[in-house]
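Read through the structure below, which is laid out as structure tokens, and then see the notes.
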Amino acid sequence: MNDDFDSDTGDDDLFSDDINHDVPFHHAGTLMELNDNKAGMADLDKEKISRIIEEASKGSKFYDHKKKQQERIDAKIADLLRKKKAITEEQLKNASAKVGQIVRNLEKSRDLSRTFVHVDMDAFYAAVEMRDDPSLRDKPMAVGGPGMLATSNYLARRFGVRAAMPGFIGQKLCPDLIIVPPNFEKYRAVNAIFSEVFAKYDPNYSAMSLDEAYLDITEFLRLDQNVRKPSDLSHAEEVVSDLREEIFLATQLTASAGIAPNTLLAKVCSDINKPNGQFYLRPERPVVAEFVEKLSVRKACGIGKVTEQMLNALGITTCAEMFEQRALLSLLFSEISALSFLRVSMGLGSTFMGDSDAPAKSVSNERTFKATSDADFLRDQCRRLCEELSEDLVRKQLQAKSVTIKLKTDTFDVKTRVRNLPEATWNADVLCRHVVPMLESEMAPKRAFRLMGVRASNLCEKSANQQSTLDAILKQPSGTERLCPVCSTSLAKLSLALVNAHLDRCLSGSQQDDVQCPICSGFFRRPEIEHHAATCEGAATSTTPSVKSAPIRKRGAAREDGFVPRDECQRKPKKQLTLSAFFDQRKSES
DNA sequence: TACATACAC
DNA sequence: AATGGTGTATGTA
């Protein structure tokens with residue numbers, strides 16, 4: 001058992017380890033290589049799969065961009081190795097002493113007293129689809145669209161088909177692959193069910209996405225009075241086994257879990273016995289030390305593809321190696337990075353859970369489209385993005401003091417331009433007035449874009465101001481031009497009650513199937529709109545567009561596994577309740 | 001401050 | 001026909 005967390009002075013072999021000094025870089029494999037850092041993909045024919053992916057990608061702009069990107073990373077690595085070469089023994093020795101002190105302090109801060117669980121639903125979206133369509137159960141399938149796959153079932157993974165892979169590549173890897181379009185309403189409903197189970201074990205559980213959450217079950221374990229049958233399992237294991245069983249009973253879906261004394265380790269552990277399994281890491285220092293020693297650095301949350309390559313170039317693949325090189329790392333990387341490496345290599349992680357309702361720092365809206373340099377299209381797109389962003393801001397009761405435009409060229413290069421606003425706003429027109437000029441100064445006759453995005457930042461909570469804003473609208477004498485702050489349609493012809501109804505609806509976010517009446521701007525369910533329109537049209541004096549052309553308010557198309565589109569992963573609508581309450585109050589006043 | 005990069009999901 | 005969207009943190013100049 002290597003138990004050298006305490007060793008404060010650097011290892012002697014730091015000085016003798018010249019193995020990698022002269023190796024330029026050795027990031028492994030081909031450019032488009034399969035990412036197999038994923039459950040269910042350990043023992044497949046990586047060579048063949050990578051070749052197929054490479055074949056399908058070669059020559060594309062995407063591929064060229066990846067190549068350029070990799071060249072930049074290689075240059076960074078070369079830089080790193082040059083820096084390493086320039087380090088003297090003297091410097092290393094000093095660094096060693098400093099790092100030793102930090103290690104001692106970190107060690108003193110180690111807390112093994114709490115029990116964290118990371119729960120991860122197995123191939124969540126795919127599992128839901130298979131549950132509801134038995135004909136899919138014995139077939140390789142994935143959830144997503146032709147553009148991008150959100151997740152795949154375990155059969156498909158055997159072919160190398162995985163999340164974040166475009167559908168057409170998936171088809172090449174697995175000609176029989178069935179691609180099922182996502183149904184987020186359903187996934188959210190399922191999530192709501194097993195979230196109740198989470199809440200039973202930890203009312204403060206922290207959801208990372210629709211299929212993943214952290215729980216701190218310390219308190220639950222303390223209070224748990226259940227008499228359990230004698231078994232080999234520890235209390236924590238029994239409890240988590242129960243939790244997974246409850247999830248299964250409630251949803252017919254399996255989950256995997258990791259149990260550990262901090263969130264970092266719990267996350268790693270949930271992957272070990274996936275699918276439908278759990279792994280318990282006993283909260284004892286030697287156990288943690290041994291576990292972490294063998295761990296690939298890539299498994300740690302926060303160490304991604306690029307950092308992994310840099311560490312690999314330094315001869316570091318495991319956490320044990322990372323710990324050995326702690327002095328070197330403290331010289332080559334920023335303080336923050338070096339510290340986080342050190343914590344990972346010591347098996348330290350967060351022992352409290354992130355504030356689940358921390359205020360958002362930014363809100364954004366972006367969309368990919370067929371690459372174009374058409375100025376009118378781009379301006380139009382820009383306006384649309386601003387309008388949708390505005391809705392989002394109003395719904396969240398946030399105003400922005402800065403706005404950023406993001407543009408991706410047809411060659412996949414990304415540019416962002418930010419502008420500070422004279423005053424905080426959520427108004428679509430104001431956003432647009434600032435964003436469009438930034439867009440225009442990036443447009444050039446030969447430059448085509450494939451994505452545009454708008455981001456609001458420097459946010460301030462606007463609950464107090466909200467009242468005055470809405471008051472201002474509502475208090476305008478009827479007959480003057482009143483515009484809805486959300487959808488900007490004129491509310492001039494509406495009675496106060498109808499204005500309220502409109503705002504209430506607009507602010508709380510309309511449902512997918514709702515249709516907005518082009519005449520009175522009210523929202524109606526599809527079955528009701530025909531009837532409503534007839535009456536409304538009869539009452540209206542001006543000529544009106546046909547109901548068929550009424551704007552159908554649609555949420556963005558949905559994906560999974562992080563590509564949860566707009567609004568898919570929202571927190572509980574706490575704010576909306578207050579807002580509705582506010583309107584209810586107003587309605588009763590009038 | 002402004003912008004780019006890395007990362008998670 | 002052809003590689004996503006949302007959000008946070010960090011590095012750098």
Side-chain angles (χ1 to χ4, degrees), chain A residues 32 35 37-38 53 56-66 69 72-73 76 118 120-121 124-125 144-151 162-172 182 184 207-213 267 298 300-310 333-340 354 358-371 385 388-389 392 396 401-402 404-408 410-420 438 450-459 555-571:
Chain A
M32 303 300 296
N35 183 351
N37 183 21
K38 188 86 181 165
I53 298 177
S57 302
K58 197 158 276 185
S60 68
K61 291 185 169 171
F62 182 76
Y63 183 87
D64 291 345
H65 179 256
K66 280 286 183 215
Q69 216 172 229
R72 279 199 296 273
I73 294 167
K76 221 161 99 174
H118 180 254
D120 196 339
M121 299 299 292
F124 182 45
Y125 299 178
M148 187 63 54
L149 301 180
T151 189
R162 53 157 295 146
M165 176 181 277
F168 75 96
I169 303 256
Q171 302 276 16
K172 284 218 165 102
F184 276 95
M208 303 307 290
S209 60
L210 284 182
D211 75 331
E212 201 178 313
K267 173 89 163 70
R298 183 62 174 83
C301 198
I303 297 181
K305 247 186 99 147
V306 175
T307 309
E308 181 193 25
Q309 285 184 50
M310 297 202 288
F333 290 85
S334 73
E335 214 177 309
I336 291 173
S337 299
L339 181 62
S340 110
K361 299 195 167 162
S362 71
V363 180
S364 68
N365 182 17
E366 68 186 64
R367 199 160 302 150
T368 295
F369 40 80
K370 192 169 146 258
L385 290 166
E388 289 168 358
L389 181 63
D392 214 0
K396 294 174 169 149
K401 290 204 277 279
S402 303
T404 306
I405 185 169
K406 171 175 169 183
L407 293 163
K408 191 192 282 179
D410 58 347
T411 54
F412 292 86
D413 295 304
V414 175
K415 283 191 187 343
T416 60
R417 294 286 175 259
V418 61
R419 189 183 282 203
N420 296 311
M438 294 195 281
R450 68 177 343 266
L451 170 144
M452 194 187 304
V454 184
R455 170 177 304 264
S457 58
N458 252 306
L459 302 176
R555 300 270 75 94
R559 317 289 150 82
E560 173 200 310
D561 252 23
F563 39 103
V564 181
R566 275 167 78 63
D567 303 336
E568 285 307 333
C569 192
Q570 269 182 28
R571 306 244 174 249

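The sequence lines fix the lettering, A, B, ..., with proteins before strands; numbering per chain opens at 1.
Counting any heavy atom pair closer than 4.0 Å across all strands shown, A:Lys66 reaches no nucleic acid atom. A:Lys267 comes within 4.0 angstrom of the backbone, heavy atoms only, and of no base. When heavy atoms are screened at a 4.0 angstrom cut-off, A:Thr404 is found touching no nucleic acid atom at all. Residue contacts shown for A:Arg455 include a base, since a base heavy atom lies under 4.0 Å away.
Both A:Phe412 and A:Ala360 lie near DNA chain C, and the one whose nearest nucleotide falls closer to the 5' end is A:Phe412. Nucleotides of DNA chain C nearest to A:Glu335 and A:Pro359 differ in position, and the one nearer the 5' end is that of A:Pro359.
Closest contact between the side chain of A:Thr368 and the listed nucleotides B:dT5, C:dG5, C:dT6 involves C:dG5. Here the side chain of A:Met208 is nearest to one of B:dA6, C:dG5, B:dC9, namely B:dC9.
Under the side chain to side chain contact (heavy atoms under 4.5 Å, CB included) criterion, A:Lys406 pairs with A:Glu366, A:Val414, A:Thr416, A:Leu451, not counting sequence neighbours. Considering only residues two or more places apart in sequence or on other chains, A:Lys61 meets the salt bridge (Lys or Arg N to Asp or Glu O under 4.0 Å) condition with A:Asp410.
Between the CZ atom of A:Arg298 and the P atom of B:dC7 there is a distance of 7 Å, given to the nearest Å.
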Please evaluate residues A:Ser337 and A:Ser334 with respect to the criterion side chain to side chain donor-acceptor pair (under 3.5 Å), reporting the C-alpha separation (whole Å), side-chain torsions for both, the decisive distance (0.1 Å), and the verdict. CA-CA 5 Å; A:Ser337 299; A:Ser334 73; 3.1 Å; yes

